[in-house]
Q: 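Take this structure, written in structure tokens, and hold onto it; I'll ask about it next.
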Amino acid sequence: MNNLKLYTESSLKLELQTDEEVVQFSAFDIERNRLFFLSSANFVYTTQLTSFHNERMKSVAMLPAEVHHIDVETGDCVTSFDYLMEKEALIVGTRSGLLLLISVDGSGSEVVGRVEGGVKRISPSPDGDLLCIISGLRQILVMTHDWDLMYENTLEDFPEGEPNFSEQNDFESSISWRGDGKYFVTLSDVENSNTSLKKLKIWERDGGSLHASSEFKNFVEGVLDWMPSGAKIAAVYDKKSEIECPTVVFFERNGLERSSFHINEKNSAKVELLKWNCSSDLLAAIVRCENYDSVEVWLFSNNHWYLKHEIRYSKQDMVRFVWDPTRPLQLFCWTVHGQITMYNFIWISAIMENSTALVIDDAKILVTPLSLSLMPPPLYLFSLKFSSAVRDVAFYSKNSKSCLAAFLSDGRLCTVEFPAADFWEELEGKEFYVEASSFESTFGSFQQLVWLDLHKLLVVSHYGSDDYNYVSQGSPNEEPLGFCVLEIDLECSKDHVPGLPTCSGWHARISNRKFIEGPVICVASNPAENCTAFVQLNGGEILKYASGSGFSGEFLKQEDKSFSSSCPWMSVALVDNNGLLKPLLFGLDDVGRVHMNRMVVCNNCSGFSFYSNLGDQITTHLILATKQDMLCILDILDVLHKKIDEEYNFFQASNKYKEEEGRNFIYIWERSAKIVGVLHGDAAAVILQTTRGNLECIYPRKLVLASITNALIQRRFRDALLMVRRHRIDFNVIVDYCGLQAFIQSAADFVKQVNNFSHITEFVCAIKNENVTETLYKNFTSNSCMDDNKVGALRVSKDSYVENKVSSVLLAIRRAIEEHMMESPAREICILTTLARSDPPALEEALERIKVIREIELSNSDDTRRTSYPSSEEALKHLLWLSDADAVFDTALGLYDLKLAAIVAINSQRDPKEFIPYLQELEKMPFLLMCYNIDLRLSRSEKALNHIVSAGEDHFSDCMNLMKKQPQLFPLGLKLITDDAKKKLVLEAWGDYLSDEKIFEDAAETYLCCFNLEKALQSYRSSGNWRQVFIVAGLLKMREDEILQLAHELCEELQALGKPGEAATIALEYCRDINRGMALLISARDWEEALRIAFMHQREDLVSEMKNASVECASLLIGEYEEGLEKVGKYLTRYLAVRQRRLLLAAKIKAEESSMNNFDDDTASEASSNLSGMSAYSAGSRRSSTVSMSTTAGRKSREAKRQKSRGKIRPGSPGEEMALVEHLKGMSLTAGARSELKSILVSLMMLGKEETAKKLQRTAENFQLSQMAAVNLANDTVSSDTINEQADTLENYVQALKSEVQKLEVFSWRSKVFLSS
């Protein structure tokens, strides 16, 4: 769906040597980019194509050319002319049969041969190895580039005998090679016939045998060309005898006719030349008509031939043309008078900004609004018919007004005003004839055509071109060559008929005229300002044009508004930048670079377009198609703020495509498909056209979500829901984007707008406790969409959001339905859905509603509500479909309605043998026992206990058994049971349970409540609470000997439990055993208490025993701390060595990874993961493949071994480094150790062992300092990438720590009297 637009047009004139000579032939030199022309006076003009690019459009420009003369015998003339790449020379054939090789470098000419009968046509093969010649005697001669004849064939088939070559026949013939040079085709006449019938002959290169031939047809003589790709051979049928216009016909290599199309001219028209371009997609023809000659360019797409461009010349020019052999869209036309024009074409999308397709086809424009129907050409909604072929078209659409301006090949301007979009469907299949607008004067060729405003056009006119001379019927010298920007006002003298386009009565008047130096590349209207446009000059310079005033000087100073190179494709996007609307200029140059002002957005683009919201027409996304067949979706604000490298990794030279695919780009499934348009607003589609011509419409997830969020911002809930359903988006996006509280507040609007219970039910069933904007669509919701203007700025925390989302949303929907929707069966079904899908499901309330419906049905009354509800069976089946059948049956039982439970069981297809006996058994029970049994089945313990207690004293045993089976019911049982005796039984049972569970303290308290002192004493004894044991013993009034016996037993038990201090207290206070008490105190290392007891009883032997024990303990502690000090140094040294090796290994791997930019991401991630599993001495990098192949069972086994060996330090293991750090931290002095140190130091001083105490304090202090310093050093280095061998030492950290010792609480155990020594 593209139109062929004339991009640039450059005209130069050959300075012919004589006034009488005319240009007859042309030839191309691909290697040196030269064009040769041969005149009737036998002058060869050599021109460089660069001359066209250096043209200055101020006056009539002459084409610089080298001139060589060919010496030809008198009376002889040149009949064929071409360029031989192998010889780097021109080959010329004459009527007398001479073959001349002419060097264009000035070394003269050479006669290389003579052909009997004269030369009619010369055609080199595409590879330049062979030369095919047709002689005047209808002979085909094929020779090598060394002029050796390979073979000779006759052009026609002679029925009998040898051919008679005595006479030279006057005929025209042509030769065309296939692109690969394996075959060539000729046209031959019927021998000895006066008819004009001819046939195609396809010859093989090797040997010259006839490969195939066509049937005899009325071919136009000399018009023949083989498509370079080899698929078709183009020729022309002469249909004058049938009073029809000429027909272009296509043949296959086997000589069979394949397809054809008519030249839409009068039957007097004649096709003189056919030529394919180098890419085989365009076919150009010269058509000679009565009043003019034209160069027509045709395109084949979707099995239809389109006339995409027509250039008209006057009859006197006798125009000819040649395609550039390497540039498929560059055409050179030349006249017999030496005027040479280079036309550069570009393909532009035929789809306008409002998604309306305007496809040019000869004198028609095929109109299709793609927003109504996606119809590929040649299909269309309606068409516009013009007086001549359409060359360019401009479309205007704003504020429900739509206009079209078309420039025709005969130089006329036509204008059409369309009806409102609502009437377009009524125009289907119709054709409207458009009359040309009346002009005050004539103009040159319109190269650019754009609307400034409704009824105001801006055009760029090219003066001095050949088609201008035809249009104005003037001569090239009457007007100067150049470009002129014209502002044209349009007025219509006819009233607009509603529902029909206005195609006549238009008048055009020039209101402003500005001349410009140099060619104009492109013109685009400015959507930010009315009646303004941007004009691009050669080189990418941008000018701003304003209606009435012309070009703005201030704008020219803004260099950032220009491109760095010429961009044939230019568009302007209207962007909202923090509330300020500004235009952004985008351009695409010939090499595939997309420019935004001076910045290059993409380097390998094949096309681009914009997506915008229909309401404000503000562009939100830039859509690119790359040459790697990727469709990329870019947020326009990211482009504006130059965040492309940060947000879009696929533009960089890396392979990070997997994480980006689907998020920011889509792979185009068909190679070389192009972007032709975009459906804006809620449609959110990108239209691609494949090389075959068919249209494909895709819906990128990013654009779809943008359209949904835009609808939510505008509170168009129905449109948002329809888009979610159409594109299979998660329904949760509607809630999550709005915000939970905001959606709850808008639930009524949501329900009223949707007004479709089926859609609401579908929405309700999809709600889940997840924020999809932060999970599923996290990468698709762009910053441009997530703004502060969204529906509901109020949000809650993530945890509470996920926790209560389903219940909150469904409750809000249910209330909105009940308040704002009329009662109907569908309404009730929707309400049941909200109850069933709640979290947890509100099945009880749902069944209550079904019970109400059932009661209405059983009432046998004419209740009007019966028509407002579905049947109870239908409602129940819907509930069962949404919920677990077992859960619904249990809920029905929980309502203690056996009939309802039976109905649920029947509709859930339960086996009657299972539920009928059970329900019958329940029905026979008293109501409370029935409830009790149902509660037990449903595990409703509290209700079961309540019912069994209410059932009476006869069921007290069942009550006790229930509480014993479910001990959590004991507190409730104590509340429900009022009898004191039964309460005691409950308390005793509770205490027994707690005792069995070894919760002895609580058990003892429970026994005390029911006055069971024996069990309370035993529970306290089991818990080790000896003080409470003696209290309870007092309550039991035990004898003294029983208490003494109890004290001895407790003393032994506490000693066995590792509580020698408490055992010592019992021995001293209850047993009166001083020696045993002292021994226990010494065992508990309670030195100060032991010393107090010894002096209290004035026992010197005990003092001496205590003294010896304290000195011995001090010696043991000194040894332990000295050993610990040694271990600290050892572990720290080991840690620093391991850490240093790891850092070196990490640096090495990082350096290797930096040189792996061209590797796949999986390789890089594997290398980094290997590092995380290495120790400083491991060989993980060598065994990476082995490690990656380990099974899940192996990993679990290794994990189990790690759990068992935790706490051990295994040299070379991956966790060695952190294990060393944790071990150093575990060596710190505990609070108990510090208390013990303080106690023994005081005792040693009291016993006169100052030196021992001093040594102990010094050793313990050194150990504690070293341990804390080592931990500080490890913590500092573990988070650092380097280790300083001079600064990161234990000595430096110990010295730093000593200065802070006095402030640290952990050193408060020290005795200050020893600090100075």
Q: To the nearest 0.5 angstrom, please state how far the SG atom of C931 sits from the CG atom of L936.
A: 11.5 Å

Q: Is it true that atom CD of E942 has more than 12 heavy atoms of other residues, nucleotides or ligands lying nearer than 6.0 Å?
A: no

Q: Using ring centroids (six-membered ring only for Trp), state whether Y896 and H947 fall under 6.0 Å.
A: yes

Q: Taking the side chain as everything from C-beta on, heavy atoms only, tell me whether L898 gets closer than 4.5 Å to M930.
A: yes

Q: Just do the side-chain hydrogen bond (donor to acceptor under 3.5 Å, both in side chains) check on E844 and T891 with the steps written out, would you?
A: CA-CA 6 Å; E844 187 171 339; T891 305; over 6 Å; no

Q: Minimum heavy-atom separation for G1024 and L1054, please, with both atom names.
A: O-CD2, 4.2 Å

Q: Give a yes or no answer on whether the side chain of R837 reaches the backbone of C765 with a donor-acceptor pair at less than 3.5 Å.
A: yes

Q: Between C959 and I977, is there a side-chain heavy-atom distance shorter than 4.5 Å?
A: yes

Q: Is the backbone N or O of L1229 less than 3.5 Å from a side-chain atom of R1234, with the two atoms forming a donor-acceptor pair by type?
A: yes

Q: Could you list all the salt bridge (Lys or Arg N to Asp or Glu O under 4.0 Å) pairs where at least one residue sits in residues 807-833, not counting sequence neighbours?
A: E818-R849, E828-R849

Q: Roughly how far apart are N755 CG and F717 CZ, rounded to 0.5 Å?
A: 15.0 Å

Q: What pair of heavy atoms forms the shortest contact from A1003 to G991, and how long is it?
A: CB-O, 3.7 Å

Q: Under the 3.5 angstrom rule, does the side chain of Y1007 hit a backbone N or O of D992 as a donor-acceptor pair?
A: yes

Q: Is it true that, when you exclude K851 itself, more than 12 heavy atoms of the residues, nucleotides or ligands shown sit nearer than 6.0 Å to its NZ?
A: yes

Q: Taking A887's backbone N and O only, do any of them form a donor-acceptor pair with D884's side chain (distance below 3.5 Å, no angle check)?
A: yes

Q: Does P971 reach the side chain of L974, with side-chain heavy atoms less than 4.5 Å apart?
A: no

Q: Using the side-chain contact (heavy atoms from CB on, under 4.5 Å) rule, take L1044 and H1048 through it: C-alpha gap first, then chi angles, then the decisive distance, then the call.
A: CA-CA 6 Å; L1044 182 60; H1048 283 292; 3.7 Å; yes

Q: side-chain contact (heavy atoms from CB on, under 4.5 Å) for N1012 and T1006? Distances and angles first, verdict last.
A: CA-CA 9 Å; N1012 194 334; T1006 305; over 6 Å; no

Q: Could you tell me whether the side chain of R940 and the main chain of G894 form a donor-acceptor pair under 3.5 Å?
A: yes

Q: Using a strict threshold of under 4.0 Å (side-chain N to carboxylate O), is an ion pair present between K984 and E988?
A: no

Q: State, with a plain yes or no, whether a side-chain heavy atom of S941 is found less than 4.5 Å away from one of Q968.
A: yes

Q: For the residue pair L811 and S838, establish whether any side-chain heavy-atom pair is separated by less than 4.5 Å.
A: no

Q: Salt-bridged, D935 to K943, with N to O below 4.0 Å?
A: no

Q: Could you give the distance from CH2 (W990) to CZ (F970), rounded to the nearest 0.5 Å?
A: 8.0 Å

Q: Restricting to non-hydrogen atoms, name the atom on C1051 and the atom on L1080 that form the minimum distance, rounded to 0.1 Å.
A: SG-CD1, 3.8 Å

Q: Is there a donor-acceptor contact under 3.5 Å linking the side chains of Y932 and D958?
A: no

Q: Just by distance, do the side chain of S746 and the backbone of D749 share a donor-acceptor pair under 3.5 Å?
A: no

Q: Do Y993 and K964 have side chains that get closer than 4.5 Å, going by heavy atoms?
A: no

Q: Heavy-atom count check: over 12 atoms from other residues, nucleotides or ligands less than 6.0 Å from E953 CD?
A: no

Q: Do F1000 and Y1020 have ring centres separated by under 6.0 Å?
A: no

Q: Centroid separation under 6.0 Å, is that true for the rings of F743 and Y737?
A: no

Q: If we ignore hydrogens and angles and just use 3.5 Å, is the side chain of D839 paired with the main-chain N or O of N804 as donor and acceptor?
A: no

Q: Does R937 have any side chain to side chain contact (heavy atoms under 4.5 Å, CB included) partners at least two apart in sequence or in another chain, and if so, which?
A: F889, D890, L893, Y918

Q: Does F956 have K982 sitting over its ring (NZ/CZ under 6.0 Å from centre, angle to axis within 45°)?
A: yes

Q: Run the side-chain hydrogen bond (donor to acceptor under 3.5 Å, both in side chains) test on Q1045 and E1049 for me, step by step, so that the C-alpha distance in whole Å, both residues' side-chain angles and the decisive distance to 0.1 Å come before the verdict.
A: CA-CA 6 Å; Q1045 178 65 28; E1049 292 174 358; 3.2 Å; yes

Q: Dump the intermediate steps for salt bridge (Lys or Arg N to Asp or Glu O under 4.0 Å) on R1039 and D1041, then the final yes or no.
A: CA-CA 6 Å; R1039 298 191 306 273; D1041 57 335; 3.4 Å; yes

Q: In Å, rounded to the nearest 0.5 Å, how long is the span from CD1 of I948 to CG of L969?
A: 12.5 Å

Q: What's the separation between atom OG in S1023 and atom CD in Q1028, rounded to the nearest 0.5 Å?
A: 8.5 Å

Q: Is the side chain of K805 donor-acceptor paired with the backbone N or O of K768 at a distance under 3.5 Å, no angle test?
A: yes

Q: Could you check whether any side-chain heavy atom of R1021 comes within less than 4.5 Å of a side-chain heavy atom of L1046, counting everything from C-beta outward?
A: yes

Q: Which pair of heavy atoms, one from L847 and one from V888, lies closest together, and at what distance?
A: CD1-O, 3.7 Å

Q: On a heavy-atom basis, which atom in S950 and which in L928 lie closest, and how many Å separate them?
A: O-CD1, 3.5 Å

Q: Could you pull out the closest heavy-atom pair between I853 and P870, with the gap in Å?
A: CG2-O, 3.3 Å

Q: So Y777 and I729, side-chain contact (heavy atoms from CB on, under 4.5 Å) or not? Walk me through it.
A: CA-CA 10 Å; Y777 302 126; I729 303 296; 3.4 Å; yes

Q: Any donor-acceptor pair under 3.5 Å linking the side-chain atoms of N732 with those of E770?
A: no

Q: Hey, what do you get for CD (E1001) to OG (S1019), rounding to the nearest 0.5 Å?
A: 9.0 Å

Q: Using the rule given for side-chain contact (heavy atoms from CB on, under 4.5 Å), can you reason through I813 versus I817, listing the C-alpha separation, both sets of side-chain angles and the distance that settles it, and then say yes or no?
A: CA-CA 6 Å; I813 293 293; I817 292 173; 3.7 Å; yes

Q: Check the side chains of T773 and N771 for a donor-acceptor pair under 3.5 angstrom, ignoring hydrogens and angles.
A: yes

Q: Within the 4.5 Å heavy-atom criterion, are I829 and F757 side-chain neighbours or not?
A: no

Q: Quick check: does any side chain N or O of S883 sit under 3.5 Å from a backbone N or O of L880, one acting as donor and the other as acceptor?
A: no

Q: Do the rings of H878 and W881 sit parallel, tilted or perpendicular, given the 30° and 60° boundaries?
A: tilted

